[in-house]
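To start, the structure itself, in structure tokens.
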Amino acid sequence: MRPITHIVVHCSASPNGRAVSAQEIDAWHRQRGFRRRAPVGQPHLPHIGYHYVIDVDGTVTEGRSLGEIGAHVAGSNARSIGICLIGINRYTPAQWQALQQLHEDLARDYPAAQWLGHRDFSPDQNGDGVIEPWEFIKTCPGFNVAEWIAAGHRPHSQNVLEAS
Ligand SMILES: [Zn+2]
């Protein structure tokens, strides 16, 4: 296993409450040129950059295995794990519950890793200038991850999507 210093929470930047499968994310990441170099598990997802996807019903799908370097945060992939919440800034109670469970499980295995949102990473000032619409690094994942943990896994009401 590689050393892990950060666990990074993302959003899919798709409409809140609309299901998106890991397979669809894999297709998006194929278009961006991502490719797993030495896949371990999930051979039907050869491009996906994240390690976990949390769909609107709370289902957690594994993407890259934890030993694989992801493709989700420029400059910080080597020592991080990437988690993608489906939506853009409002997540279902099932998604919050699943994220809490992942936090508890991964905190046990990687107690020194710092949890952050994608937006907490500085953008690459020397990058190619292409900002993909599903990334929106300035806001992704639409809430403050450290605050959510400090609040005992209690999200702000504005970030909760209740059933309509
Ligand atoms: Zn992101």
Side-chain angles (χ1 to χ4, degrees), residues 2 4-37 42 45-56 58-66 68-92 94-96 98-103 105-107 110 113-150 153 155-156 158-161:
R2 60 204 168 93
I4 298 297
T5 58
H6 293 90
I7 297 179
V8 187
V9 180
H10 296 263
C11 67
S12 58
S14 50
N16 291 318
R18 195 184 80 186
V20 173
S21 67
Q23 198 78 61
E24 286 175 84
I25 292 178
D26 190 77
W28 296 348
H29 287 181
R30 179 176 60 78
Q31 289 172 2
R32 299 178 67 186
F34 296 175
R35 189 173 59 80
R36 296 167 67 191
R37 301 198 182 281
Q42 309 288 43
L45 301 172
H47 306 282
I48 195 165
Y50 303 120
H51 297 89
Y52 296 102
V53 175
I54 303 177
D55 209 345
V56 294
T59 301
V60 178
T61 302
E62 291 181 37
R64 298 196 185 199
S65 66
L66 294 181
E68 289 177 62
I69 294 174
H72 56 94
V73 53
S76 298
N77 284 305
R79 294 176 175 228
S80 67
I81 291 169
I83 299 169
C84 179
L85 287 160
I86 298 302
I88 187 162
N89 59 3
R90 290 166 72 88
Y91 308 107
T92 65
Q95 284 178 293
W96 287 110
L99 185 63
Q100 177 175 345
Q101 187 65 54
L102 260 187
H103 177 253
D105 292 347
L106 291 172
Y110 307 100
Q114 185 181 11
W115 281 64
L116 291 171
H118 190 189
R119 68 184 191 179
D120 298 316
F121 288 78
S122 300
D124 177 13
Q125 302 290 345
N126 300 323
D128 58 11
V130 178
I131 298 171
E132 303 294 344
W134 49 80
E135 278 300 329
F136 295 120
I137 188 169
K138 285 182 180 159
T139 61
C140 178
F143 69 98
N144 186 313
V145 172
E147 274 185 15
W148 167 72
I149 292 168
H153 303 107
H156 283 289
Q158 72 213 35
N159 298 120
V160 179
L161 186 69

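Keep in mind that what you see is a predicted model, and the values were worked out from it rather than measured. Order of appearance sets the numbers: ligands from 1, and atoms from 1 within every ligand.
Within His118, the N, O or S atom at minimum distance from the Zn ion (ligand 1) carries the name ND1.
Of the possible donor and acceptor atoms, none in the side chain of Arg36 sits under 3.5 Å from a partner among the backbone N and O of Arg64. Between the side chain of Ser80 and the backbone N or O of Ser76, at least one donor-acceptor pair lies under 3.5 Å. Of the possible donor and acceptor atoms, none in the side chain of Thr5 sits under 3.5 Å from a partner among the backbone N and O of Ala113.
Metal site remark for the Zn ion (ligand 1): His10 contributes an N, O or S atom at a distance under 2.8 Å. Among the atoms of Cys84, none of the N, O or S atoms falls under 2.8 Å from the Zn ion (ligand 1).
The number of heavy atoms from other shown groups lying within 6.0 Å of CZ (Arg79) does not exceed 12.
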